[in-house]
Protein chains: 2
Amino acid sequence: MKHKAARATISDVAKAAKTGKTSVSRYLNGEHQALSPDLKQRIEQAISALNYRPNQMARGLKRGRTRLIGLIIADITNPYSVDVLCGIEAACRAGGFTLLVCNTNNEIDQEQHYLQLLSSYQVEGLVVNAVGMREEALNLLQQSLLPMVLIDRKIPDFSCDVVGLDNRQAATDATEHLVNNGYRALLFLSEPIGMVNTRLERLQAFRQSCARYPEVVSENAEVALSDSGALERIIHDFYQRHGGRHAALIVANGALTLQVARAMRRLGLEWGRKMGLVGFDELEWAELAGDGITTLKQPTWQIGYAALERVIQRIEGEATPVQEQTFHGELVIRGSSRPLA
Amino acid sequence: MKHKAARATISDVAKAAKTGKTSVSRYLNGEHQALSPDLKQRIEQAISALNYRPNQMARGLKRGRTRLIGLIIADITNPYSVDVLCGIEAACRAGGFTLLVCNTNNEIDQEQHYLQLLSSYQVEGLVVNAVGMREEALNLLQQSLLPMVLIDRKIPDFSCDVVGLDNRQAATDATEHLVNNGYRALLFLSEPIGMVNTRLERLQAFRQSCARYPEVVSENAEVALSDSGALERIIHDFYQRHGGRHAALIVANGALTLQVARAMRRLGLEWGRKMGLVGFDELEWAELAGDGITTLKQPTWQIGYAALERVIQRIEGEATPVQEQTFHGELVIRGSSRPLA
DNA sequence: CTGTTAGCGCCTTCAG
DNA sequence: CTGAAGGCGCTAACAG
């Protein structure tokens, strides 16, 4: 007994339809006008009788176009990433592409690995939410001319299309909102900035905004997502020093906002009552936590969609210079940034 | 000028190394002992000089094994799915497979589409979190003997390996917990049960548990996730009728728990104070909402990992009968199910 | 140890 | 309108 019913091939269909492979191939590729009704019908029958499906591998091998797009995501656990993914997927569907999703788990080795993997599967384009990217990998990529667009984060010294948030505008809006509502001591919290431009841009805009208000004290701190002890200490310390002055926190992304909220709760610092709080990235539970958490909502789906549109343009031969496309964030105001008397 | 630097092929490498393709192929496939050190070195050099990467498409075509696994997820937006995905991914990595992820968005047409797509890419196995599956698709799948395991949900009249939660145990635990804590009127809320066995099993176990306590009133209701009006009405009505009797809600999954929490908040029914609440699926924000929401946490990662292990077994020829593998859930107790005096 | 020879399933000239 | 022949990049006999 055969272990697996061998799939029908184009030859099987040709044989069953009493014709050559060529005609079947023509049929498959929509050249319907070029076939006599009779032949066409025989082919149709043979196909459904054998339950034939063309082998995309073979097709890709021959034509050099796989209609495959690779997506490399730094952390699929992050709702931001998932929303972006949905946008990309929609765009793929619209353009007739299939998406291969890889999750690097924020490990640079994985990133390297998946980059090679995807390219060995002959993907036609790449969307990357980068962790870091090794030099070597980048060089290879650049010479391979594989269309690629970066999402959210840029890579230092690497010229490439990027789509993401207008970080300056967003951070400015968030900061001014707090200042306008009476907060006078602001702490900007982010994960270690390292080479991540997104974090840096947000911090810089925050600083510049604060600089416009002499009465406002501003600080910033970097914490690892997993180091809840340090986070607690930082917040506690900040509150000790500025609690009387209407203190508030600006948190650079959603994952960290979750940790911050936990820490504040452990410390007994209710957001919106003892201390202000605004977080980047919309959170589905933002309205349920205490009096609600004010967030800076990104148009994530659109970012994903736009990224893939750009990839498709490049696949289709656009040779315009590298461009950076940014979207505006929207402040969703809730109780955690309540106006002070 | 060439638009794209053509990728080096195995022939190019062979030429550059002054040898035949076979030796290069051997090198690639790790048959290192079978090559003279000299040849080996020439090949190594050629490969890195040309930056050669084998074409997986061609390889797959020839060998008939692509090392590709397809994952069809009903709703990638659901954190449950993402956690499962991470488990699957880890197992893929461990087994040397690559994962193709497709999101059906709970649309049965998409499911159909992706099933065909994945099979046309010659995936060697499939993990499916099913929406519904069309008859036709199922028959084709069955005859194709493509290894497949279902996650979470079974498909009626379709015999297939399944891995998921022990729904009876979980629902029983949740129910008894509420009863033990003094709640006497229990409402089980789920999305429309339809053919989804998971929902049905949880409901049945809930009912059977309640039946053991004559003093407990039990009801159940089905609501669409998006129909917040109906949800509000149901909860309000239930509270009207049983509020005085220590009412509590059991919600069949995480996505619905979010909606329920929103509705309760709009109605001014604080969980744990005016009404009890337990939800299936752990929520990262469970401890932050009011006094916390008690959840039934599934070992999601393990479920994913186990599912893929099963797929791999089947790929490797295991012909044991179809089996169902269940994992135990764990009740994470928080304020929303606080004991009543 | 090494190279030659056939295809894998499909598409694409190029002649009927 | 139709079909035969060749080859995409790679692997798997089969000979040296």
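To find a chain, count down the sequence lines: A is the first, B the second, and so on, and within it residues start at 1. Just so it is clear, the structure is predicted and the values come from calculations on it, not from any experiment.
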Please confirm whether the backbone N or O of [Y] pairs with a side-chain atom of [X], one donor and one acceptor, at under 3.5 Å?
X: A/N55; Y: A/M57; answer: yes
X: A/D83; Y: A/Y80; answer: no
X: A/S81; Y: A/I73; answer: no

Next item on the list: Quick one: label A/Y52 by what it contacts on the DNA or RNA (base, sugar-phosphate, nothing), any heavy atom closer than 4.0 Å.
Entry: sugar-phosphate
Next item on the list: Classify the nucleic acid contact of B/T22 as base, sugar-phosphate or nothing, counting any heavy atom under 4.0 Å across all strands shown.
Entry: base
Next item on the list: Please find the earliest and latest nucleotides of DNA chain D, in the 5' to 3' direction, that have an atom within less than 4.0 Å of any heavy atom of chain A.
Entry: D/dC1 to D/dG9
Just how far is it from atom [atom1] of [X] to atom [atom2] of [Y], taken to the nearest 0.5 Å?
X: A/T19; Y: A/R42; atom1: OG1; atom2: CZ; value: 6.0 Å
X: B/N197; Y: B/D152; atom1: CG; atom2: CG; value: 7.5 Å
X: B/I72; Y: B/M148; atom1: CD1; atom2: CE; value: 8.5 Å

Note to self: Between the opening five pairs and the closing five pairs of the helix from C/dC1-D/dG16 to C/dG16-D/dC1, how far apart are the helix axes, to 10°?
What the structure shows: 40°
Note to self: Which is more 5' along DNA chain C, the nucleotide nearest B/K62 or the one nearest A/V24? Just name the residue.
What the structure shows: B/K62
Do [X] and [Y] have side chains that approach each other closer than 4.5 Å (heavy atoms only, starting at C-beta)?
X: B/V101; Y: A/L85; value: no
X: A/V13; Y: A/Y27; value: no
X: B/V127; Y: B/L99; value: no

Next item on the list: Determine, stepwise, if the pair A/R310 / A/T320 fulfils side-chain hydrogen bond (donor to acceptor under 3.5 Å, both in side chains).
Entry: CA-CA 11 Å; A/R310 187 72 188 141; A/T320 45; 3.1 Å; yes
Checklist line | Over 12 foreign heavy atoms within 6.0 Å of CG, A/D38 | finding: yes
Margin query: Looking at A/K40, I want to see if its NZ is surrounded by more than 12 non-hydrogen atoms of other residues, nucleotides or ligands under 6.0 Å.
Written below: yes
Margin query: Go through it in stages, so that I can follow the logic: the residues are A/N103 and B/E89, the test is side-chain hydrogen bond (donor to acceptor under 3.5 Å, both in side chains), and I'd like the CA-CA distance, side-chain angles, deciding distance and then a yes or no.
Written below: CA-CA 8 Å; A/N103 175 30; B/E89 200 179 44; 3.2 Å; yes
Next item on the list: Give, ordered by number, those residues of residues 28-38 of chain B having at least one heavy-atom distance below 4.0 Å to an atom of DNA chain C; if nothing qualifies, reply none.
Entry: B/Q33, B/A34, B/L35, B/S36
Notebook entry, point to check: Going by heavy atoms closer than 4.0 Å, what residues in residues 11-21 of chain A are next to DNA chain D?
Noted result: A/T19, A/G20
Next item on the list: Using heavy atoms to find the nearest nucleotide of DNA chain D for A/K40 and B/R59 separately, return the residue whose nucleotide is more 5′.
Entry: A/K40
Check: When you check the side-chain N and O atoms of A/R7 and B/S119, is any donor under 3.5 Å from an acceptor?
Finding: yes
Next item on the list: Check every nucleotide of DNA chain C for an atom under 4.0 Å from a heavy-atom of chain A, then give the first and the last such nucleotide from 5' to 3'.
Entry: C/dG9 to C/dC14
Margin query: Run the side-chain contact (heavy atoms from CB on, under 4.5 Å) test against B/T77 and tell me which residues pass, sequence neighbours left out.
Written below: A/V82, A/C86, B/D75
